[in-house]
Number of protein chains: 2
Amino acid sequence: VLVRTIGSFHVGGRVVELRGLASRTNTLVPGSPPVLVDPNGDFHVGQMYIQFVRLVRPRATLPLVLMHGGHVTGACWETTPDGRPGWQSKFLEAGFDVMVCDTVERGRAGWSRFPEIFKSEPFFRSTREAFVLFRIGAVEDYSTNPALRRAFAGQRFPLAALDNFAMQMVPRWNGNEPLIEAAYDAALQRIGPCLLLAHSQGGGFAFGAALRNPDLVRALIVIEPGGAPHPSAETVESLRRIPMLFVWGDYIDRVPFWAAVKPSVRVTCDALAAAGGNVEWIDLPTRGIRGNSHFIMMDDNSDAIADLVIDWCDRQKLRAPGDAV
Amino acid sequence: VLVRTIGSFHVGGRVVELRGLASRTNTLVPGSPPVLVDPNGDFHVGQMYIQFVRLVRPRATLPLVLMHGGHVTGACWETTPDGRPGWQSKFLEAGFDVMVCDTVERGRAGWSRFPEIFKSEPFFRSTREAFVLFRIGAVEDYSTNPALRRAFAGQRFPLAALDNFAMQMVPRWNGNEPLIEAAYDAALQRIGPCLLLAHSQGGGFAFGAALRNPDLVRALIVIEPGGAPHPSAETVESLRRIPMLFVWGDYIDRVPFWAAVKPSVRVTCDALAAAGGNVEWIDLPTRGIRGNSHFIMMDDNSDAIADLVIDWCDRQKLRAPGDAV
């Protein structure tokens, strides 16, 4: 692809001053003179990180903002765990300017001292928990020995590369949601009109961002969102103006969390449809596409699912006709 | 630039199992059903993250690996705090395939529970501490009010954008050096022969990586390294075969840490030169280039300093003649 710019920025958050904490000695580089470090002072907290790749000749009319889910960073959109090009590449090749987010507390966004600034301890996700919650296989078929793991029959997640996926998991906090929401708002104000493509936990943040910035969010693509707003009359009136695509994978009924979340999101989708909203609900198994895990963008048919999303964008006239870039 | 691939991978580290910790309740998405989280289990620890951009027609014969310094991530090579293209872009335009590292514990590499896995508490760097240690200005000229800050006379760091820089700082640990060294070794084994360009704390890791992987490190560019190996006969014999460029900014004598580090690195450089090593030491002020902070790649003359590095690469025959890419 012919790239005009690659770059990044941090956005959002505020300055917090800490006082009254005791100093500690640190050695900045092995062998270098020790320095006394004062943990007090002014720190920027609550910011997020956005990396952008802009094409010389984009075909999409607006940039596509990729919002990751829980316990991961924007790296989830890059190369798949088994080494294939990820959705960042796929959408660039399809002519979208792509912006990849690391939300507050994750990846290059950085994180803050707790409990002084962030108010609680972080959670770390084990590979076993990911295997189960992301619907790769049943808990009794997990082993810390990769050779002994067994996935659900027909599983498309690259099981042999599960440890590569485990390497990209990062801690998360419970309670930072207001910081994350504020940072996404600041990001949207800076980016301007755009298309949001969000996964899992990012889906809930995308709905919220759309509600608070209805003039800036021109389309919303949610891949297995972790939740959706309760469809009050006000919410429906605001969201029904935004073209929206929902995509769901397989094995939903095998994990109680997803078996509960999916129908609750469906209630919102149906309310939007009933109010004349421009919504499409793609349940991959009912289209005969079986075997997708929660991390659809990493599954062995990730390119084909991206093509479904791109086809929807084309039908929404979010991309101009043309050649590959 | 005409880009062939953008992607990333995680590399290095190992699996650690935690046992005996108490479970906690978490709500994964506001409004979603609470889940009981078992903090025990298997976690991948000690990995690092590398993002690569490969050109269709690279002019450099080997990929350039950018190694960041302390308290920052690979984002330090991207857009400068005041919004200009950073060294990642500059070297891509010059025809280098560029790989940007987030080392263990930083950015998209992720980090591990402490004190169970990482053995100590992290350090957070205040904006004030950065202002002083990175030689932007004197401590008495710092204020938490950006309008009241005053930099050293002639300062090239974009002072008005200091808060944008503060937003990209992340925590670090003391004692993770062996993990970081092992991860860089694993990265080099995967990348193969390459050029290392390292800043600050990353400089020490680059020297170490070169000592342990002398067949893979084909050139070493250190921008204000935080340290260099003691020049024992064995060290000199190994390192003197590697072309090496040192670059230093201004105001070194204003900060005791750097006033101590620079001459200690010079001892190693001189020992390599005395043994016939192919070393070049660029002290920018003695060349009449004044005003550079510790973060030379963010200063207002960052493009010009990158050109000095590229010129050195050309003299070392690390880049083929040709047009811009």
Side-chain angles (χ1 to χ4, degrees), chain A residues 1-3 5-10 13 15 17 26-33 35 37 39 41-44 47 49 51 53 70 73 75 78-79 85-86 88-89 102 107-108 110-111 113 123-124 126-129 144 163-164 166-171 174 177 201 204 226-227 257 260-261, chain B residues 1-3 5-10 13 15 17 26-33 35 37 39 41-44 47 49 51 53 70 73 75 78-79 85-86 88-89 102 107-108 110-111 113 123-124 126-129 144 163-164 166-171 174 177 201 204 226-227 257 260-261:
Chain A
V1 293
L2 197 54
V3 167
T5 335
I6 298 179
S8 66
F9 57 90
H10 286 75
V15 175
E17 285 198 67
N26 195 4
T27 303
L28 297 182
V29 177
S32 77
V35 295
V37 178
D42 52 334
F43 301 88
H44 206 101
Q47 69 278 13
Y49 165 84
Q51 189 180 55
V53 182
T73 72
E78 297 177 335
T79 310
Q88 180 198 35
S89 290
D102 286 0
R108 290 175 171 176
W111 55 280
R113 193 178 169 105
F123 288 89
F124 298 78
S126 70
T127 309
R128 179 193 301 267
E129 188 190 351
T144 52
D163 282 359
N164 288 341
M167 290 161 86
Q168 68 170 259
M169 286 199 292
V170 298
N174 192 347
E177 290 82 2
Q201 185 198 31
F257 178 81
V261 167
Chain B
V1 294
L2 197 53
V3 167
T5 335
I6 298 179
S8 67
F9 57 90
H10 287 75
V15 175
E17 285 198 67
N26 196 2
T27 304
L28 297 182
V29 176
S32 77
V35 294
V37 179
D42 53 335
F43 301 87
H44 206 101
Q47 69 277 14
Y49 165 84
Q51 188 179 56
V53 182
T73 71
E78 297 177 336
T79 309
Q88 180 198 35
S89 289
D102 286 1
R108 290 175 170 175
W111 54 281
R113 193 178 170 107
F123 288 89
F124 298 77
S126 70
T127 309
R128 178 191 302 267
E129 188 191 350
T144 53
D163 282 0
N164 287 342
M167 291 161 86
Q168 69 171 258
M169 286 198 291
V170 297
N174 192 347
E177 290 81 3
Q201 185 199 30
F257 178 81
V261 166

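Protein chains get the first letters and strands the later ones, always in sequence-line order, with residue 1 at the start of each. Just so you know, these numbers use all the heavy atoms, side chains as well, and skip hydrogens, waters and symmetry mates.
- Taking the side chain as every heavy atom from C-beta outward, E78(A) and I6(B) never approach each other to under 4.5 Å.
- Contact of A75(A) with chain B is made through backbone and side chain together, with heavy-atom distances under 4.5 Å.
- Between the side chain of Q47(B) and the backbone N or O of M167(A) there is at least one donor-acceptor pair closer than 3.5 Å.
- Interface residue Q168(A): backbone and side-chain heavy atoms are both found under 4.5 Å from chain B.
- Looking at Y49(A) and R108(B), their side chains come closer than 4.5 Å, going by heavy atoms from C-beta outward.
- Looking at S89(A), only its side chain comes within 4.5 Å of chain B, counting heavy atoms on both sides.
- Per-residue heavy-atom pair counts under 4.5 Å with chain B were compared for F9(A), F43(A), F124(A), W111(A), and the maximum is reached by W111(A).
- Each of D42(A), V3(A), T144(A), T5(A) has some count of heavy-atom pairs under 4.5 Å with chain B, and the biggest count is that of D42(A).
- Contact count versus chain A (heavy atoms, under 4.5 Å) is highest, among T79(B), V15(B), N26(B), V261(B), for N26(B).
- By the side-chain contact (heavy atoms from CB on, under 4.5 Å) test, V170(A) pairs with T73(A), R106(A), sequence neighbours left out.
- Between chain B and the residues A260(A), P171(A), A166(A), G70(A), the largest count of heavy-atom pairs under 4.5 Å involves P171(A).
- Ranked by heavy-atom pairs shorter than 4.5 Å toward chain B, the options M169(A), H44(A), H10(A), E17(A) are led by H10(A).
- In this structure, the portion of V37(A) lying under 4.5 Å from any heavy atom of chain B is its side chain and not its backbone.
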